[in-house]
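Scope of the values below: all heavy atoms of this structure, side chains included, with no hydrogens, waters or symmetry mates. Every chain is numbered from 1 and lettered A, B, ... according to where its sequence line falls, protein lines coming before strand lines.
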Amino acid sequence: MDVKQKVKLVIERLKNLYPDAKIALKFENPLQLLISTILSAQCTDERVNEVTAKLFQKYRTAEDFAKASLEELAEDIKSTGFYQQKAKYIKEACQILVEKYNGEVPKTMEALLELPGVARKTANIVLANAYGIVEGIPVDTHVRRLSQRIGLVKANQPEKIEKELMEIVPKEEWFIFPYLLQAHGRKVCLARKPKCEECVIKDLCDAYTSKN
DNA sequence: CTCCCGATAT
DNA sequence: ATATCAGGAG
């Protein structure tokens, strides 16, 4: 089957299965989304939401984070893992926001990529969910795993995977696509033990059809 | 490529 | 015990 046709069927079936698929991180403004997304590296969204519920009470503006004690900030985000790195990223990124962007989160890919701790995946998420600007497809661990298992892409590096996906996923689906794969990745197409028998797209999946 | 790194599932 | 969780920097 043509890979573009396959993508359309995958999207159609997953939309039907997960009609409410959307970002799982809780945020009230672009700054909160930026911080949450940085924290979400190698950590479940659920835990990030637990941490940010308290964090965003304590730190309300980019200035608050920029002025924060590194040790204290690290302690505040400890349970998300990689806490020393993430604390530095957040503090330094917010210092840049204060100095260059009047304390606001910039709206361009170029400006976002200059922030420490922010690469394409994080930038794509912030642009799309805070500003409605869809320039690409954020490739996280779920998007990568499912895209490879199903056989939508051949590449291994996130940036190459994103490029391949942008060529086969219709642009109007770029926004919803990663959330559909994330929902399916968390409920059915698990990393360690995928529940292939209850999967609604197993007939389209290379990993499944090659084993059965 | 390695390092950062706590919490949970298996 | 080990793999994995909305990654990114050096």
For the P atoms, the ones on B/dC3 and on C/dA6, what distance do you get once it is rounded to whole angstrom?
24 Å
Please report the distance, rounded to the nearest Å, between CD in A/Gln157 and C1' in C/dG8.
15 Å
Kindly say if A/Arg47 contacts the phosphate of B/dT8, meaning a side-chain N or O under 4.0 Å from OP1 or OP2.
yes
Under 3.5 Å donor-acceptor pairs involving side-chain atoms of residues 144-152 of chain A, not counting sequence neighbours:
{"unit_1": "A/Arg145", "atom_1": "NE", "unit_2": "A/Cys189", "atom_2": "O", "d": "3.2"}
{"unit_1": "A/Arg145", "atom_1": "NH2", "unit_2": "A/His142", "atom_2": "ND1", "d": "3.0"}
{"unit_1": "A/Arg145", "atom_1": "NH2", "unit_2": "A/Gly185", "atom_2": "O", "d": "3.3"}
{"unit_1": "A/Arg145", "atom_1": "NH2", "unit_2": "A/Cys189", "atom_2": "O", "d": "2.9"}
{"unit_1": "A/Ser147", "atom_1": "OG", "unit_2": "A/Val143", "atom_2": "O", "d": "2.6"}
{"unit_1": "A/Gln148", "atom_1": "NE2", "unit_2": "A/Ala155", "atom_2": "O", "d": "3.0"}
{"unit_1": "A/Gln148", "atom_1": "NE2", "unit_2": "A/Asn156", "atom_2": "OD1", "d": "3.1"}
{"unit_1": "A/Arg149", "atom_1": "NH1", "unit_2": "A/Leu190", "atom_2": "O", "d": "2.9"}
{"unit_1": "A/Arg149", "atom_1": "NH2", "unit_2": "A/Leu190", "atom_2": "O", "d": "3.3"}
{"unit_1": "A/Arg149", "atom_1": "NH2", "unit_2": "A/Ala191", "atom_2": "O", "d": "2.8"}

Please work out if A/Ser36 contacts a base, only the sugar-phosphate, or nothing of the nucleic acid, heavy-atom cut-off 4.0 Å.
nothing
Classify the angle between the aromatic ring planes of A/Phe65 and A/Phe56 as parallel (below 30°), tilted (30 to 60°) or perpendicular (above 60°).
perpendicular
May I ask you to verify if any side-chain N or O of A/Tyr83 is less than 4.0 angstrom from the OP1 or OP2 atom of B/dC4?
no
To the nearest 0.5 Å, tell me how far A/Ile176 CD1 sits from A/Lys15 NZ.
7.0 Å
Shortest non-hydrogen contact from A/Leu31 to A/Cys94?
CD1-SG, 4.0 Å
Give a yes/no on whether any side-chain N or O of A/Thr122 is located under 4.0 angstrom from OP1 or OP2 of C/dG8.
yes
Minimum heavy-atom separation for A/Tyr59 and A/Ala68, please, with both atom names.
CE2-CB, 3.5 Å
Report the distance from atom CD of A/Gln42 to atom P of C/dA9, rounded to the nearest whole Å.
14 Å
Side-chain contact check for A/Arg192: nearest option of C/dA6, C/dG7, B/dT10 is B/dT10
Under 4.0 angstrom, heavy atoms only, what part of the nucleic acid is A/Ile125 near: base, sugar-phosphate, or nothing?
base
Base, sugar-phosphate, or nothing for A/Ile23, non-hydrogen atoms under 4.0 angstrom?
base
Got a sec? Which of residues 131-148 of chain A come in under 4.0 Å of DNA chain C, heavy atoms?
A/Asp140, A/Thr141, A/His142, A/Arg145
Hey, is NZ on A/Lys202 packed in by over 12 heavy atoms from elsewhere, all under 6.0 Å?
yes
Ring of A/Tyr89 versus six-membered ring of C/dG8: centres under 5.5 Å and planes under 30°?
no
Phosphate OP1/OP2 of B/dC5 contacted by A/Gln85 side-chain N/O (<4.0 Å)
no
Quote, to the nearest angstrom, the P distance that separates C/dG10 from B/dC5.
14 Å
Are B/dC5 and A/Phe82 stacked, with the base six-membered ring and the side-chain ring centres under 5.5 Å apart and planes under 30°?
no
